[in-house]
Amino acid sequence: GREPTVFELEMRKVSAEMTKETHITYVTAALGDLSHMTYLINETKKNDRYAMVFVVGAAGTPREAKVRTAFTLAGADSVEMV
């Protein structure tokens, strides 16, 4: 296996600090690489938390379906385009 990246280690720390939280809401423009957001959603779901994502600026654009699919496959419970 590989060693975790600095990003992965930091996100694990943040997730561990939110032990009392049951619902996490992310707000993003989802521009560029979606891997960081999908990683955050995965970490949220690993800890049995509800993951809601608000995507600003993607509604009605050609990238709407791609963004929605990526976040849904990552495990988001709700993806809202605004």
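Any value given below was found using the heavy atoms of this structure, including those in side chains, with hydrogens, waters and symmetry copies removed.
Here the CG atom belonging to Asn42 is positioned 11.0 Å from the CE atom belonging to Met37, to the nearest 0.5 angstrom. How far OG1 of Thr38 is from CG of Leu73: 10.0 Å, rounded to the nearest 0.5 Å. With rounding to the nearest 0.5 Å, the separation of NE2 in His36 from CD in Glu8 is 8.5 Å. Atoms OG1 and OH, from Thr25 and Tyr50 in turn, are 8.5 Å apart once rounded to the nearest 0.5 Å.
No side-chain donor-acceptor contact under 3.5 Å links Ser15 to the backbone of Met11. Not a single donor-acceptor pair under 3.5 Å links the side chain of Thr69 to the backbone N or O of Lys66. A donor-acceptor contact shorter than 3.5 Å is absent between the side chain of Asp77 and the backbone of Met52. The main-chain N or O of Arg49 is never found under 3.5 Å from a side-chain atom of Asn47 such that the two would form a donor-acceptor pair.
Within the 4.5 Å cutoff, the side chain of Glu43 has no heavy atoms near those of the Val14 side chain.
Scanning both residues, Met81 and Ala58, for their nearest heavy atoms gives SD-CB, 3.8 Å. The two residues Thr44 and Ala51 come nearest to each other via the heavy atoms CG2-CB, 3.8 Å.
Residue Val82 is grouped with residue Val27 when hydrophobic side chains (ILVMFWY) are merged at heavy-atom distances under 4.5 angstrom, including chains of intermediate members. When the side chains of ILVMFWY residues are joined at heavy-atom separations under 4.5 Å, either directly or via intervening members, Val56 and Phe71 end up in two distinct hydrophobic clusters. Under a hydrophobic clustering in which Ile, Leu, Val, Met, Phe, Trp and Tyr are joined whenever their side-chain heavy atoms come within less than 4.5 Å, directly or via other members, Ile41 and Phe7 fall into the same cluster. By the rule that hydrophobic residues join a cluster once side-chain heavy atoms approach within less than 4.5 Å of another member, Val53 and Met18 end up as members of one cluster.
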